[in-house]
Amino acid sequence: MADAPSPDSQITLVNNRLFLLDDVKSSLNPQQAFTAFKHNEFTQNSQNKVSFGFTQNTIWAVLPVENSADVPLPSVIKIDNAWLDNIDLYFFAADELINRVSIGDNVPLTERLRKERMPSVAHEFPNGTSHVLFRFNSQDPMTIPIYLGSEMAMASTFAKNAYFYGALYGGLLILLIYNLALYFYLRELRYLLYPIYLLAFTAFNFTYTGHGFWLVWSGSVTMQQWLMPGLMFCYLFSAVMFTLGFLNTRTFLPVLHGYRHRIYVSLIVIAGLIFLSGNRSFIIMIQLVMLTILSVWMLMIGCLAYKNKDPLAKFFIPAVIMGAGGATISSFATWGIIPYSHWAFRGIEVGMLLEMSLLSISLGFNFKLTQEARISAESNALHDPLTNLYNRRAFSQLVHPSWELGKRNNNPMSIMLMDLDWFKRINDQFGHAVGDKVLEGVAKEIKSRIRDSDIPLRWGGEEFLIFLPNTNSVQAKQLAEDLRAKIENIKIDNIGNVTMSIGVVSATPDQIDLEQLVNLADEALYSAKEQGRNTVIVMTYSKPTANERSCL
């Protein structure tokens, strides 16, 4: 027997105080059921059973309530489950029926006396012993956690739940916005599939926790009863799509990727067939089975992707364990396989919040990898992989800022264009591997001799170019002679001396443009080749006179 609650007491789960009767034929009326209770035909729920799985039977329960106070005690009875179709309460005092209330999903929330998310009834228990007779019938899983408490205690519990769901939906909303922003920035499919998966879970959760019926479609019984199985399928389907997209099966699991469209079509066909049955109990039961299978499948796919070196699999596996673990606990609590508790019943929400957070972190990690790959690709596009010097493509991008600065200050600029002598003979006689060593050695020597402000490039083949800002022809010639002498002494695999011809040209930016300066350096290099190689030729640019310009 339960005690009528005092105003300062906490709400209490009273299922262990119930007496139960399974009405297989659903043939009893309330008076007959209460008479059966009085004749000891009910069984005491000493095991504190809360979940009865899927059953088409009517479950009757009786809660004796003792009020030892001299005055009636106002109390609230709450059934902490938002999806049960028929919940009828009959209040007996001195074995006489004094009140009846219906609060199941078949009653629009707008017609209930207490318009709260979870079905509840307020009642004043008179002095002495009263009995509350419950009748439960539903096509949904029969989970009937019954709480008894004062109005104040119920309000306190309501506030705690509000904080919990505020944190849950707030966290999911932040993750949704964050990953949508990443998608619009990167235009990568996995960043869109994740918000879809997240949104599908949130919509499903919003429905089965009763928030939708409470806040949005409070007058529509049909939406309340059919949206949950519909949104559950959307959640299952989006989970499959997200798994295949998130793990990049195209690269790491190509066989599975090839079957993805068949998987999607199969899921749609299964959904169509079970929904055509029109039996909501059957639909939800199949979907709960699919949810359990999906959890195992996602974990297996994650392990295979990890085995195939998918970097995101190391996040996906623990995330799925958290989400699937929470969903499995909730499912088992709903089926009555494990003992009911508030947190077991809400396990899917806690597990999914942890899963979604970890997956969001993994997508942030992937974003970091993508950015690093992009930066690396941009860097590689501007570098010669053999010599690690800049390549010809980088010339304009790197030299232009220095050229413009020199133009502003009218500083002299120099270009050295260098070509290895008889390099084809080295490749033909000693092989390309030795030729590569020569190029690497020359590049190393160039980098060791120039300033930080100078820009060395592999111009192509065996040609090198050095842009020398704020450098006149005398300084450039001195550097060129030093480099020529140093390179001549390079010793690689007994191939003999390596020589280089160098063309040098200097000018100020107000005299000539950059392209012309490069062309003059090429002419100087050609002259060095013509004069016997292994030499430095310096060409000094002189600005054309007015007469020369007019002739031109």
Side-chain angles (χ1 to χ4, degrees), residues 172 175-176 178-179 182-183 186-201 204 232-271 286-332 347-348 350-374 376-377:
L172 294 176
L175 295 177
L176 178 67
Y178 169 69
N179 286 282
L182 285 179
Y183 167 72
L186 294 173
R187 298 292 179 177
E188 188 176 338
L189 182 60
R190 72 182 66 186
Y191 291 96
L192 179 61
L193 292 176
Y194 174 75
I196 291 173
Y197 174 46
L198 193 153
L199 184 62
F201 167 75
F204 166 57
M232 181 184 288
F233 173 75
C234 292
Y235 164 59
L236 292 169
F237 189 81
S238 66
V240 172
M241 288 187 64
F242 171 71
T243 300
L244 297 177
F246 177 86
L247 290 174
N248 193 11
T249 53
R250 181 191 297 273
T251 301
F252 298 100
L253 297 169
V255 175
L256 179 64
H257 182 78
Y259 281 97
R260 69 191 186 284
H261 293 116
R262 297 182 187 181
I263 294 173
Y264 300 151
V265 171
S266 299
L267 286 173
I268 293 172
V269 169
I270 292 171
I286 294 298
Q287 288 182 331
L288 286 174
V289 172
M290 290 175 65
L291 180 62
T292 303
I293 295 173
L294 174 67
S295 301
V296 177
W297 178 82
M298 291 175 70
L299 189 58
M300 289 175 59
I301 298 303
C303 291
L304 287 173
Y306 180 78
K307 183 179 179 181
N308 291 342
K309 310 300 183 184
D310 187 340
L312 292 185
K314 62 184 178 183
F315 294 96
F316 185 81
I317 294 172
V320 169
I321 290 174
M322 292 177 185
T328 302
I329 290 172
S330 290
S331 180
F332 283 180
I348 186 172
V350 177
M352 287 301 295
L353 183 59
L354 293 174
E355 175 187 314
M356 296 294 185
S357 300
L358 188 54
L359 289 175
S360 188
I361 291 171
S362 69
L363 286 172
F365 171 76
N366 182 69
F367 175 72
K368 178 175 178 290
L369 292 180
T370 302
Q371 292 297 92
E372 289 177 349
R374 181 184 63 81
S376 177

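The shown structure was predicted, so the numbers you read here are calculated from the model rather than taken from an experiment.
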## Note on the structure
Separation between CG (L299) and CG (L294), nearest 0.5 Å, reads 11.0 Å
### Task
State the OG1-CE distance between T243 and M298, to the nearest 0.5 angstrom.
3.5 Å
### Query
To the nearest 0.5 Å, how far apart are SG in C234 and CD1 in I196?
11.0 Å
### Query
Hey, are the side chains of L267 and M290 touching, using non-hydrogen atoms and a 4.5 Å cut-off?
yes
### Message
Would L198 and F242 count as a side chain to side chain contact (heavy atoms under 4.5 Å, CB included) here? Give the steps.
### Response
CA-CA 10 Å; L198 193 153; F242 171 71; over 6 Å; no
### Query
Parallel, tilted or perpendicular for Y264 and H261, by the 30°/60° rule?
perpendicular
### Task
Taking all non-hydrogen atoms of both residues into account, name the closest pair between A271 and F233 and its distance.
CB-CE1, 3.2 Å
### Message
Restricting to non-hydrogen atoms, name the atom on P311 and the atom on K314 that form the minimum distance, rounded to 0.1 Å.
### Response
O-CG, 3.2 Å
### Task
Could you pull out the closest heavy-atom pair between A319 and L358, with the gap in Å?
N-CD2, 3.5 Å
#### Entry: Interatomic spacing from CG in N179 to CZ in R190 - rounded to 0.5 Å
12.0 Å
### Query
Taking atom CD1 of I301 and atom CZ of F316, what is their separation to the nearest 0.5 Å?
8.5 Å
### Task
Verify side chain to side chain contact (heavy atoms under 4.5 Å, CB included) between M352 and Y235, making sure each step is shown before the conclusion.
CA-CA 12 Å; M352 287 301 295; Y235 164 59; 3.4 Å; yes
### For the student: nearest non-hydrogen atoms of L247 and A313, plus distance
CD2-CA, 4.1 Å
### Message
Are the side chains of M356 and Y194 in contact, using a 4.5 Å heavy-atom criterion?
### Response
yes
### Query
Closest heavy-atom contact between Y197 and A239?
CE1-CB, 3.4 Å
### Query
Does F252 reach the side chain of L304, with side-chain heavy atoms less than 4.5 Å apart?
no
### Query
Are L288 and M232 side-chain neighbours, meaning at least one heavy-atom pair lies under 4.5 Å?
yes
### Message
Using 0.5 Å steps for rounding, measure from the CG atom of L253 to the NZ atom of K307.
### Response
11.0 Å
### Query
Any side-chain heavy atom of L244 sitting closer than 4.5 Å to one from L193?
no
### Message
Quick check: do L176 and L172 have side-chain heavy atoms less than 4.5 Å from each other?
### Response
no
### Message
For Y183, does the six-membered ring have the charged nitrogen or CZ of R187 within the cation-pi criterion, i.e. under 6.0 angstrom from the centroid and within 45° of the normal?
### Response
yes
